[in-house]
Amino acid sequence: MFYLTRGSAAEPSKASAPASHEVARHPSVSAVRVPAVALKNTAAPGLTMPFVGLGTGGYNGDPRVGYGGYPECWSDDCGNYTTQAVFSWLAEAGGRRIDASNSYQNQRAVGQGMRLSGVPRSEIFLLQKVGPDRALGHDDTLEQFEEMKREMQVDYVDALLVHWPLPAPSAGNVAHKEYPSSDPYCKPKTPTYDAKQCRLSTWKAMVRIFETGGAKAIGVSNYKVEHLQEIIDAGLPLPSINQCPFHIYRSAAQQRLVDVCRENDILFMGYSPLGVPDWWRFPEPMASNQLIDPEVKKIAAAHGKSPAQVLLNWQWQLGVPFHPRTQRLEHMRENLRVFDFKLGHDEVVTLSSRPQDFCKIDPRMYQCVGTKDHPNRVEGLEYL
């Protein structure tokens, strides 16, 4: 199955000019043909999602790095950087899926990039998320969604996820803020706070958004097996997606969660497929950066591909969709061209057998904010 839009992308060239003033505007190129995956459970009949997307959540708020500079700047403090990147992805690279969140503090810019691209809204698969730096709860979720549509100037989203199972993790690009919830179950440090009931109340609001046509599909993100089981036990409609960290250093570590998702027709979707190379360094025995992992480099050389392309192809062969973040046009085009070769069985096994990044050995990693090991815990919240 393929997600078809408008033809094929142009050949790689130099990256777009910095977006310090106006966004560079050119005629939209034809879209790249990429594999697609069908969504089930709480998804519109026949809905499919492009396997590859563009991530828009960065970890740096200092625009002095320049457009495309490391660590990439994606928040509204960065001026037009996000608008330029979304425009380049859609109009110059030929991508069609965008991964966004209100917690990334740039959803207006994402919406502007979509409009400037000239690509019809119907051709763009927009995935958005509510929370976690905004209040969870039934009415709060509905309010966030209405605000999201206003700020992005869209009538609907293709997929809407609950970003975290906790009200306010604080790490990476997500800073804890005080957004008091109107839902008694979602008020930490109060007698009525109940983390499980808060999640279920939030999920009921998501189901309402889906049933009234605001989102073509709904899902969750960073949910563990026990969080999914809460929805199952409550007899509520199941998510169509669970988006979680997934890369060569966090794959076997996620296997039970992947299995449970697939047993329940929930698409397991991976984020940070390259391991956030502009912001995070992994501890030993892993390479500090997945792109310089010796096994990755060896396989890349054997196939005449870049290390990033090998990592994304490996994830494709495992059936886990991805959305690497980049502001560089040549990298966007490269990320769309990962489906024209196939790793051998032994190569897939090799990459799947790399050392694993468990939270107990790397507790400061933002992917561990929902655990007791993370040092930036918010007092009064439930941790796993």
**Student:** Decide yes or no for Leu126 and Met114: does some side-chain heavy atom of the first lie under 4.5 Å from some side-chain heavy atom of the second?
**Tutor:** yes
**Student:** Of all the heavy-atom pairs spanning Glu151 and Gln107, show the shortest one and how long it is.
**Tutor:** OE1-NE2, 2.7 Å
**Student:** Can you check whether Thr82's main-chain N or O pairs, donor with acceptor, with Asn106's side chain at less than 3.5 Å?
**Tutor:** no
**Student:** Applying the salt bridge (charged side-chain N to carboxylate O under 4.0 Å, His left out) test to Glu230, which of Arg199, Lys224, Lys196 qualifies?
**Tutor:** Arg199
**Student:** Atom CZ in Arg96, atom CG in Leu90: separation rounded to 0.5 Å?
**Tutor:** 6.0 Å
**Student:** Any salt bridge between Arg325 and Asp278, counting N to O under 4.0 Å?
**Tutor:** yes
**Student:** Does the pair Arg333/Glu330 count as a salt bridge with the N-to-O cut at 4.0 Å?
**Tutor:** no
**Student:** So does Arg328 pair up with Glu72, basic N to acidic O under 4.0 Å?
**Tutor:** no
**Student:** Salt-bridged, Asp140 to Arg134, with N to O below 4.0 Å?
**Tutor:** no
**Student:** Among all residues two or more places apart in sequence or in another chain, which pass the side-chain hydrogen bond (donor to acceptor under 3.5 Å, both in side chains) test with Gln153?
**Tutor:** none
**Student:** Ignoring hydrogens and angles, state whether a donor on the side chain of Asn313 or Gln309 is under 3.5 Å from an acceptor on the partner side chain.
**Tutor:** no
**Student:** Is the count of non-hydrogen atoms from other residues, nucleotides or ligands lying under 6.0 Å from Lys149 atom NZ greater than 12?
**Tutor:** yes
**Student:** Between Arg97 and Leu54, is there a side-chain heavy-atom distance shorter than 4.5 Å?
**Tutor:** no
**Student:** Apply ring-ring contact (aromatic ring centres under 6.0 Å, His included) to residues Trp314 and Phe341 and explain how you reach the verdict.
**Tutor:** CA-CA 10 Å; Trp314 165 80; Phe341 69 104; over 10 Å; no
**Student:** Show your working on side chain to side chain contact (heavy atoms under 4.5 Å, CB included) between Ser352 and Leu318 and close with a plain yes or no.
**Tutor:** CA-CA 10 Å; Ser352 300; Leu318 294 180; 4.2 Å; yes
**Student:** Which word best sums up how the rings of Phe282 and Tyr249 line up, parallel for under 30°, tilted for 30 to 60°, or perpendicular for over 60°?
**Tutor:** perpendicular
**Student:** Tell me whether Ile232 shares a hydrophobic cluster with Phe268, the cluster being built from Ile, Leu, Val, Met, Phe, Trp, Tyr side chains joined at under 4.5 Å.
**Tutor:** yes
**Student:** When rounded to the nearest 0.5 angstrom, what distance separates CG in Leu257 from CZ in Phe246?
**Tutor:** 10.0 Å
**Student:** Pair up each side-chain donor or acceptor in residues 201-208 with any protein partner under 3.5 Å, not counting sequence neighbours, and list the distances.
**Tutor:**
from   : atom 1 : to     : atom 2 : distance (Å)
Ser201 : OG     : His138 : N      : 3.4
Ser201 : OG     : Asp183 : OD2    : 2.5
Thr202 : OG1    : Gly137 : N      : 2.9
Thr202 : OG1    : Cys198 : O      : 2.9
Trp203 : NE1    : Pro237 : O      : 2.8

**Student:** Do Val65 and Tyr59 sit in the same hydrophobic cluster, where Ile, Leu, Val, Met, Phe, Trp and Tyr count as joined when their side-chain heavy atoms come under 4.5 Å apart?
**Tutor:** no
**Student:** Assess, by modelled atom type and distance only, whether the side chains of Tyr81 and Asp76 contain a donor and an acceptor separated by less than 3.5 Å.
**Tutor:** no
**Student:** Under the side-chain hydrogen bond (donor to acceptor under 3.5 Å, both in side chains) rule, what do Ser182 and Asp139 come out as? Steps first, then yes or no, please.
**Tutor:** CA-CA 7 Å; Ser182 63; Asp139 292 350; 4.7 Å; no
**Student:** Using the rule that two of Ile, Leu, Val, Met, Phe, Trp, Tyr join whenever any of their side-chain heavy atoms come within less than 4.5 Å, decide whether Trp164 and Tyr185 are in one cluster.
**Tutor:** no
**Student:** Keeping the roles fixed (side chain from Lys129, backbone from Ala100), state whether a donor-acceptor pair exists under 3.5 Å.
**Tutor:** yes
**Student:** Please report the closest heavy-atom contact between Asn60 and Pro71, naming both atoms and the distance.
**Tutor:** ND2-O, 2.8 Å
**Student:** List the steps and the verdict of side-chain hydrogen bond (donor to acceptor under 3.5 Å, both in side chains) for Gln112 and Thr83.
**Tutor:** CA-CA 6 Å; Gln112 183 180 29; Thr83 298; 3.2 Å; yes
**Student:** Nearest 0.5 Å, what's the OH-OG distance between Tyr271 and Ser101?
**Tutor:** 11.0 Å
**Student:** Taking the six-membered ring of Tyr156 (Phe, Tyr or Trp), confirm whether the NZ or CZ of Arg121 is under 6.0 Å from its centre and within 45° of its axis.
**Tutor:** yes
**Student:** Report yes or no: do Val32 and Phe339 belong to one cluster of Ile/Leu/Val/Met/Phe/Trp/Tyr joined by side chain heavy-atom distances under 4.5 Å?
**Tutor:** yes
**Student:** Report the C-alpha separation of Leu311 and Leu291 in whole Å, then their side-chain angles, then the decisive distance to 0.1 Å, and conclude whether the side chain to side chain contact (heavy atoms under 4.5 Å, CB included) test is met.
**Tutor:** CA-CA 8 Å; Leu311 291 169; Leu291 300 175; 3.8 Å; yes
**Student:** Should Gln84 and Asn80 be marked as a side-chain hydrogen bond (donor to acceptor under 3.5 Å, both in side chains) after you check the CA-CA gap, both sets of side-chain angles, and the distance that decides it?
**Tutor:** CA-CA 6 Å; Gln84 175 69 64; Asn80 287 336; over 6 Å; no
**Student:** Apply side chain to side chain contact (heavy atoms under 4.5 Å, CB included) to Glu295 and Glu347, showing your working.
**Tutor:** CA-CA 9 Å; Glu295 293 295 338; Glu347 293 172 325; over 6 Å; no
**Student:** Val162 and Ser221: side chain to side chain contact (heavy atoms under 4.5 Å, CB included), yes or no, with the steps?
**Tutor:** CA-CA 6 Å; Val162 180; Ser221 181; over 6 Å; no
**Student:** Quick check on Asp155: does its CG atom have over 12 non-hydrogen neighbours (other residues, nucleotides or ligands) under 6.0 Å away?
**Tutor:** no
**Student:** Going from CG on Asn242 to CZ on Arg262, what distance comes out if it is rounded to the nearest 0.5 angstrom?
**Tutor:** 12.0 Å
**Student:** For residues Glu334 and Ser306, is any side-chain donor paired with an opposing acceptor at under 3.5 Å?
**Tutor:** yes
**Student:** With sequence neighbours excluded, what pairs up with Phe210 under the side-chain contact (heavy atoms from CB on, under 4.5 Å) test?
**Tutor:** Thr42, Ile218
**Student:** Parallel, tilted or perpendicular: which fits the ring planes of Phe51 and Phe322, with parallel below 30° and perpendicular above 60°?
**Tutor:** perpendicular
**Student:** Would you say the side chains of Gln144 and Asn102 form a donor-acceptor pair under 3.5 Å?
**Tutor:** yes
**Student:** Distance from Asp357 atom CG to Gln254 atom CD, nearest 0.5 Å?
**Tutor:** 10.5 Å
**Student:** Before you tell me yes or no, could you show the steps for Gln243 and Asp99 under side-chain hydrogen bond (donor to acceptor under 3.5 Å, both in side chains), namely the whole-Å CA-CA distance, both residues' side-chain angles and the distance that decides it to 0.1 Å?
**Tutor:** CA-CA 11 Å; Gln243 184 185 111; Asp99 186 274; 2.9 Å; yes
**Student:** Checking the side chain of Gln356 only, and the main-chain atoms of Ala252 only, is there a donor and an acceptor separated by less than 3.5 Å?
**Tutor:** yes
**Student:** Is there a salt bridge (charged side-chain N to carboxylate O under 4.0 Å, His left out) between Asp340 and Lys305 once you walk through the steps?
**Tutor:** CA-CA 11 Å; Asp340 59 350; Lys305 298 290 184 177; 3.2 Å; yes
**Student:** Verify whether the ring centers belonging to Tyr104 and His163 lie closer than 6.0 Å.
**Tutor:** yes
**Student:** Spell out, as yes or no, whether a donor-acceptor pair under 3.5 Å connects the side chain of Arg115 to the backbone of Met152.
**Tutor:** yes
**Student:** Assigning hydrophobic clusters by single linkage (Ile, Leu, Val, Met, Phe, Trp, Tyr; side-chain heavy-atom cutoff under 4.5 Å), is Tyr70 placed with Leu274?
**Tutor:** no
**Student:** Hey, does the side chain of Ser272 reach the backbone of Pro245 with a donor-acceptor pair shorter than 3.5 angstrom?
**Tutor:** no
**Student:** Taking atom CZ of Arg281 and atom CG of Asn289, what is their separation to the nearest 0.5 Å?
**Tutor:** 5.5 Å
**Student:** Could you check whether Asp62 pairs with Arg64 (Lys NZ or Arg NE/NH1/NH2 to Asp/Glu carboxylate O, under 4.0 Å)?
**Tutor:** yes
